[in-house]
Amino acid sequence: MRYEVMMIPDYRDAIVQNLKDAGCSAGIIENFLRYFDENQKEKQLELLEIHRNQLLTQIHKEEKKISCLDYLIYQIKK
């Protein structure tokens, strides 16, 4: 007998909220939940890893801007 993996509604809502809080798009959330229903953990992890890398890329871009500002502040204060 095969048992289907079913998410408890509150648990599913909590996962959706967590994905939203992490800045995931509606498409990522939809795919994540579909992969969950299909028990495709590797595809779920792949989606999360892609989103994480995009966030890190954005952080690095912002850090570069901050460094440029810090340099200007340093030069002005000299």
### Task
Can you measure from CG (L45) to CZ (R52) and round to the nearest 0.5 angstrom?
12.0 Å
### Query
If you measure only the distance, is there a donor-acceptor pair under 3.5 Å linking the side chains of Q58 and E62?
yes
### Query
Do Q17 and D13 have side-chain atoms, one donor and one acceptor, less than 3.5 Å apart?
no
### Query
Rounded to the nearest 0.5 Å, how far does CD of Q54 lie from CD1 of I59?
12.5 Å
### Message
Is there a path of hydrophobic side-chain contacts, each under 4.5 Å between heavy atoms of I/L/V/M/F/W/Y residues, joining L33 to Y11?
### Response
yes
### Task
Inspect the surroundings of CZ in R34 and state if more than 12 heavy atoms from other residues, nucleotides or ligands are less than 6.0 Å away.
yes
### Rounded distance (nearest 0.5 Å) linking atom CG of L72 with atom NZ of K77
12.5 Å
### Value rounded to 0.5 Å, distance of NZ in K64 from NE2 in H60
12.5 Å
### Query
Picking from L47, L19, N18, what satisfies side-chain contact (heavy atoms from CB on, under 4.5 Å) with I29?
L19
### Message
Please give me the minimum heavy-atom distance between G23 and H51, naming the atom from each residue.
### Response
O-CE1, 3.2 Å
### Cluster overlap L48 with I15, hydrophobic side-chain contacts below 4.5 Å
yes
### Query
Can you tell which of K43, Q40, Q44 makes a side-chain contact (heavy atoms from CB on, under 4.5 Å) with F32?
Q44
